[in-house]
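Counting starts at 1 for both ligands and their atoms, in listed order.
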Amino acid sequence: MDINGKIYKNFLNRIDRFKIQNSPEKIKKQHSKGKLHARERIDLLFDKDSFEELDAFVTSATPDTGLGKIDEAFGDGVVIGHGRINGRLVYIFSQDFNVMGGSLGAVHAKKIMKVQDLALKVGAPIIGLIDSGGARIQEGVASLSGYTSIFHRNVQSSGVIPQISVILGPAAGGAVYSPALTDFVFMAKKTSYMFITGPNVVKEVLNEEVSFEELGGAEIHARKSGVANFIYEDEENALLGVKKLLSFFPSNNLENPPYIDSGTKSDEVIEKLRTLVPDDPYKPYDVKKVIELIIDQNTFFEVSELFAPNIVTGFARLNGKAIGIVANQPKVLAGVIDINSALKASRFVRFCDSFNIPLLTLEDVPGFLPGLDQEHRGIIKHGAKLLFAYSEATVPKITVILRKAYGGAFCVMNSKNIGGDYNFAWPTAEIAVMGPEGAVSILHKKELHNADDPNKLKKEYTSKYRQEIANPYIADEKGYIDEVIDPADTRKKLITAFESLENKHVEQPARKHGNIPL
Ligand code: HXC
């Protein structure tokens with residue numbers, strides 16, 4: 001080709017137009033809103049020079065709709081492609097708010113579908129960076145159709161490749177449902193919002209005044225709705241979080257998570273485990289301290305930290321291998337299982353099971369939260385989700401009962417009967433149908449009613465119950481758990497136990513899918 005000729009010049013002209021579109025002014029416009037540009041975000045995520053863009057030069061499908069001008073920018077408002085994160089292949093789409101508010105038209109949708117299809121075909125994770133006003137109004141039903149095809153692909157990929165959504169601006173209307181169908185949602189504080197309709201429409205339809213932040217800000221979705229699993233102060237940290245999260249995952253459901261050497265632990269640190277759980281059953285403690293002492297140093301990556309903090313979920317490494325942890329948190333609501341904690345833990349268990357991540361359960365739970373509110377909102381069906389999730393999970397599953405394991409909570413927290421492979425208990429464990437107070441009131445109702453000093457008598461019965469019934473030794477002797485262990489041996493026991501389960505294989509009965517109580 002003649003590099004001074006017309007053909008080459010035409011080629012260069014296109015590249016110049018493309019450069020103008022991503023000019024410093026356009027980038028500044030994003031920065032003025034406290035946001036990064038779609039391409040800057042990609043650069044932060046991927047290993048240096050590893051990103052390969054696809055379809056950079058496509059333009060909108062229907063420039064003249066009669067509903068207002070369509071921007072004829074190259075790329076139609078979304079950057080797609082693949083690259084490497086810590087050496088591993090990952091697909092991405094990153095919406096460009098500078099082009100029609102990152103809204104989704106037919107071509108924009110087709111580009112997203114392209115990377116969704118490629119990621120599924122090759123078995124690589126996909127990340128969506130969302131900054132969008134939702135369905136492109138001018139393109140009408142073509143936008144709705146585009147979104148729906150994306151949702152369909154999200155579902156087809158679910159449990160096959162990890163899918164992560166990062167909300168870095170508005171995610172309005174159709175833009176929220178694709179993230180909701182993916183495995184994890186990240187948000188950046190103060191600059192990202194998720195809602196099905198914005199404050200203006202809420203005002204018109206319901207006459208309610210509500211701010212962007214109150215309606216769908218990061219804090220709200222992390223604490224109240226549970227839609228966001230991770231929130232960060234800014235975009236840079238959110239993207240670093242995505243990289244860290246990915247380090248625990250295999251690329252797809254046929255692979256195992258990567259091994260990363262994460263050091264050993266001193267005996268002195270491990271022995272601290274003996275003193276963490278108070279002998280007094282009414283005294284709270286922080287289960288995250290137990291987690292830190294068991295796992296490889298500084299490897300805990302908590303999921304949904306702010307939502308239902310009465311249960312703790314997160315990824316960690318044990319002897320370099322990825323595990324998922326579910327732990328009751330005695331520090332919050334005594335670690336009781338309520339609707340939100342059951343939902344949070346069920347989803348986490350199902351993710352780990354989909355992607356071959358072994359599960360460790362640390363149990364200290366007085367039971368399910370009783371009462372009108374929980375019953376009326378369906379604790380029965382929501383609590384059943386956790387039973388379902390643990391029962392159907394076929395990854396290696398180990399439980400350590402730290403203290404309370406009463407009633408239905410004993411059953412649900414990965415008991416042996418729902419498939420726990422190894423169930424250990426610490427000497428502080430209390431395993432029984434119900435807590436001492438409740439049991440004594442039922443069993444000794446008449447004696448307590450007739451006693452001169454019912455409180456004194458109740459105390460005596462309670463103490464007897466605690467000593468004779470609510471301990472781990474009956475369960476141990478009758479084989480309902482595998483062993484009562486010294487807390488200081490927990491890390492060693494777990495490493496050996498998980499290693500012994502590495503080739504675990506469970507045949508499931510043939511069926512289309514189970515019917516989890518949704
Ligand atoms: C076309 C859109 C758009 C949209 C924004 N723009 N949203 N163009 N379709 N959905 C354009 C604006 O016209 C503007 O163009 C540019 O993007 C930037 O928008 P601004 O409003 O100036 O920005 P900002 O003030 O930051 O507000 C952002 C916003 C707001 C909060 C996202 O634009 C907004 O409320 N948009 C509509 C959100 C919404 O209700 N979407 C739901 C669509 S229905 P110019 O040319 O001026 O730069 C839907 C249903 C799908 O998605 C259902 C599937 C299940």
Sub-6.0 Å ring centroid separation between Phe249 and Phe351
yes
Got more than 12 heavy atoms from elsewhere within 6.0 Å of NE2, His152?
no
Who are the residue neighbours of ligand 1 when the rule is a heavy atom under 4.0 Å from any of its atoms?
Phe97, Met100, Gly101, Ser103, Gly133, Gly134, Ala135, Arg136, Ile137, Gln138, Leu144, Phe151, Pro170, Ala172, Gly173, Gly174, Phe212
Restricting to side-chain contact (heavy atoms from CB on, under 4.5 Å), what partner residues turn up for Lys189, sequence neighbours left out?
Ala218, Glu219, Ile231, Glu233
Taking side-chain contact (heavy atoms from CB on, under 4.5 Å) as the test, write out the residues that go with Asn252, two or more places apart.
Ile161, Leu254, Glu255
Residues in side-chain contact (heavy atoms from CB on, under 4.5 Å) contact with Tyr259, at least two apart in sequence or another chain:
Asp261, Lys321
Would you call the rings of Phe301 and Phe230 parallel, tilted or perpendicular, where under 30° means parallel and over 60° means perpendicular?
parallel
